[in-house]
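Shown next, in structure tokens, is the structure this report addresses.
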Amino acid sequence: MYKFSANKYTLPAILLLALILRLITAISAISDGERLLRPDSPGYLTPARTLVESGTYAGTRRPPGYPLLAAAVYYCGGSNGAIAILQVLLSTAACAVTAMAVREYTNNAACADIAALLMAVNPTAVANAPLLLSDTLFMLFAAGQFYFFIRYLKRMKFRELAIFSVIAALAALIRPINQLIPLVAAVLIAVNDRMIWKKRITHILASCAIFAVLIFPWMLRNYLTGATFDIDTNTGAMRHQNGAMLLAEINNSDFESEKQQLLAQENTLAADGRFPDERSRESWRKQEFRRMVLAHPVRYFKQHFDICILLPDAPTLLENFGVTTSDRGTMGVLKKDGIIAACRHYFGENYLRMLLLLIPVLLPAAILYLLVLRQLFKDLQHPVKNRMELLLFLAFAEYYLFLPGAITAPRYQLPALPCLCLLGASAISSLWKNETSARDPETTPAIEM
């Protein structure tokens, strides 16, 4: 089995499987164009169409990365369906890049194939591939930065770190959650005792400089157009998203009602002329959100540790096939009453039957999480020796799982998948190695971890 997984045709077969799975969901979703859309989709697609029609990028609400991709498709005469098919290819490419990262880390083809397979059959990655949102594009860039940072750790060449910094900056222009990645990477560089301190400091400063130079022009552009000095002006939406979750827990109410009250207050102020431009509105929203957090810092921090973000995105998969519909307030039910109540709310009275039918879909994600837990437990038995792998997990997986806070949309786990698949593949390779050692110590394949 180990030799079969390392066959030169295994990875192409896995990528073909990934492509087929994603095409099936995409073709079904394209058959009814509304299935490709979510409430956030117009924020990306409207500036894309404006860019094609007028040659100017309108607005500051969303970062430019995904709208530029959509605009390129529109410019070539493509439709939303063409964007969905392109994203299927991008999602498949993320499987290949993940395999490259794992091959670099372990120097083991079999381990790379396993990681690609874990990514290929992941239900959240499959379900979200055709959606007209930035998450799939961001996942590909997250895999790319992960690959080049591993190359840097292996080779200690600044060229690899520079490429990592470029990809990380471009990723931040797709989703601003990536803005802190240079600081996270700086920690990993600082603790790497294979380099002298002078070289470490030089590399950290140069990496941050490259990142800043690439994102600065867009932030300046937003400021000069009357917005805040940010990559986008959607950060303030945390007031009626994370803030509503915080208030729902404090007031023992529900997310949707708190969200509507916060939005109503904002809209009333806007109607009264309180916000003459985007800068004043965004500054007010961020200030109000900070006030909420500072009033309840412990509770807000606690909300960032929510395992629900790891739930497989079976709902989106079903929505792609028209079995169910989105935007039914399920997240609020999940937060207030738990997963069983959320399943009953989403699937109706036949929720148990639906969950049983979904077991084959959910199983790949469950296997991945069990493997990751096993590998982390193994690493924690010798934390000093395995500190770099533990830090990689914190930097390239937990970072993306922690920052969204109480808004635990399953698609937010996508940028963490490359690192999770690396740990899962490493766990399987370790199991195979132990089994082979017990059976025939002289024929044990060497796995460099």
Side-chain angles (χ1 to χ4, degrees), residues 25 28-29 32-42 122-133 135 237-264 292 296 299-300 302-366 368-369 401-402 404-414 416:
T25 59
S28 177
D32 180 354
E34 291 300 315
R35 296 177 191 171
L36 298 172
L37 302 175
R38 292 295 182 271
D40 291 344
S41 298
N122 183 270
T124 304
V126 172
N128 283 271
L131 293 191
L132 299 182
L133 296 169
D135 301 274
M238 294 179 70
R239 175 181 177 269
H240 62 260
Q241 295 287 349
N242 299 67
M245 283 292 188
L246 180 61
L247 291 178
E249 183 175 332
I250 293 168
N251 299 329
N252 194 28
S253 58
D254 64 277
F255 168 69
E256 290 298 333
S257 63
E258 295 289 353
K259 178 181 177 180
Q260 293 307 316
Q261 289 181 30
L262 292 173
L263 285 173
M292 293 181 188
H296 307 278
R299 193 167 302 192
Y300 175 71
K302 180 178 67 69
Q303 286 188 332
H304 284 72
F305 297 93
D306 194 334
I307 198 170
C308 290
I309 197 172
L310 292 174
L311 289 174
D313 204 353
T316 295
L317 194 63
L318 295 174
E319 290 156 17
N320 287 339
F321 291 99
V323 178
T324 56
T325 57
S326 61
D327 305 316
R328 298 159 65 179
T330 306
M331 184 182 295
V333 178
L334 174 66
K335 292 295 181 178
K336 184 179 181 181
D337 301 318
I339 188 170
I340 299 299
C343 290
R344 185 184 296 112
H345 172 85
Y346 186 83
F347 294 116
E349 293 303 320
N350 294 324
Y351 73 98
L352 288 176
R353 181 185 301 174
M354 288 297 300
L355 289 177
L356 288 174
L357 292 175
L358 285 171
I359 287 177
V361 174
L362 304 177
L363 195 57
L368 172 62
Y369 297 150
L401 302 175
F402 175 84
I407 304 300
T408 53
R411 56 191 172 91
Y412 292 164
Q413 68 186 254
L414 291 178

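On a predicted model such as this, the values are computed, not experimentally measured, just so you know.
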So how far is it from Thr408 OG1 to Leu401 CG, rounded to the nearest 0.5 Å?
-> 11.0 Å
Where do Thr324 and Arg328 come nearest, in terms of heavy atoms and distance?
-> CB-NH1, 3.9 Å
Could you pull out the closest heavy-atom pair between Arg35 and Ala29, with the gap in Å?
-> CB-O, 3.8 Å
For the pair Gln303 (side chain) and Tyr300 (backbone), establish whether a donor and an acceptor sit closer than 3.5 Å, ignoring hydrogens and angles.
-> no
Do side-chain atoms of Thr330 reach the backbone of Ala342 as a donor and acceptor pair under 3.5 angstrom?
-> no
Member of Val361, Val126, Leu362 meeting the side chain to side chain contact (heavy atoms under 4.5 Å, CB included) criterion with Pro312 | Leu362
Of all heavy-atom pairs linking Arg299 and Ile250, the shortest is NH1-CA, 3.4 Å
Hey, is CD1 on Ile339 packed in by over 12 heavy atoms from elsewhere, all under 6.0 Å?
-> no
Worked check of side-chain contact (heavy atoms from CB on, under 4.5 Å) between Met245 and Asp306 | CA-CA 12 Å; Met245 283 292 188; Asp306 194 334; over 6 Å; no
Is Asn320 reaching over with its side chain to a backbone N or O of Ser28, donor-acceptor style, under 3.5 angstrom?
-> no
CG/Leu131 to OG/Ser41 distance, rounded to the nearest 0.5 angstrom?
-> 7.0 Å
Worked check of side-chain contact (heavy atoms from CB on, under 4.5 Å) between Leu318 and Met354 | CA-CA 10 Å; Leu318 295 174; Met354 288 297 300; 3.9 Å; yes
Using a strict 4.0 Å threshold on nitrogen-to-oxygen distance, state whether Asp337 and Arg344 make a salt bridge.
-> no
CD/Glu34: more than 12 non-hydrogen atoms of other groups inside 6.0 Å = no
Closest approach of Gly405 to Asn242 (non-hydrogen atoms, all atoms of both residues) = CA-ND2, 4.0 Å
Are the side chain of His345 and the backbone of Gly332 linked by a donor-acceptor contact shorter than 3.5 Å?
-> no
How many angstroms lie between CG in Asn350 and SG in Cys343, if you round to the nearest 0.5 Å?
-> 13.0 Å
Do the side chain of Gln413 and the main chain of Leu311 share a donor and acceptor less than 3.5 angstrom apart?
-> yes
Check: Lys335 side chain, Ala406 main-chain N or O, donor-acceptor pair, under 3.5 Å | yes
CG-CG distance between Asn251 and Asp254, expressed to the nearest 0.5 angstrom = 10.5 Å
Which is it for Phe255 and Leu334 under the side-chain contact (heavy atoms from CB on, under 4.5 Å) test, yes or no, and what are the steps along the way?
-> CA-CA 10 Å; Phe255 168 69; Leu334 174 66; over 6 Å; no
Test side-chain contact (heavy atoms from CB on, under 4.5 Å) applied to Tyr351 and Ile340, step by step | CA-CA 9 Å; Tyr351 73 98; Ile340 299 299; 4.0 Å; yes
Under a 4.5 Å cut-off applied to non-hydrogen side-chain atoms, are Val333 and Tyr346 in contact?
-> no
Donor-acceptor under 3.5 Å (Asp313 side chain, Ala125 main chain) | no
Donor-acceptor pair, Tyr412 side chain versus Pro404 backbone, under 3.5 Å?
-> no
Which pair of non-hydrogen atoms, one from Phe402 and one from His304, has the smallest distance, and what is that distance?
-> O-CD2, 2.9 Å
Rounded distance (nearest 0.5 Å) linking atom CZ of Arg38 with atom CG of Leu133 | 7.5 Å
Would you find more than 12 non-hydrogen atoms of other residues, nucleotides or ligands less than 6.0 Å from Ile307 atom CD1?
-> no
More than 12 non-hydrogen atoms from neighbouring residues, nucleotides or ligands closer than 6.0 Å to CZ on Arg353, yes or no?
-> no
Run the salt bridge (charged side-chain N to carboxylate O under 4.0 Å, His left out) check on Asp40 and Arg411 step by step: do they pass?
-> CA-CA 13 Å; Asp40 291 344; Arg411 56 191 172 91; 3.5 Å; yes
Measure the spacing between CG of Leu363 and CG of Leu358 and express it to the nearest 0.5 Å.
-> 12.0 Å
Between Leu310 and Tyr369 the two heavy atoms that sit nearest each other are O-OH, 2.6 Å
Test item: Thr316 side-chain N/O and Asn128 main-chain N/O as donor-acceptor pair under 3.5 Å = no
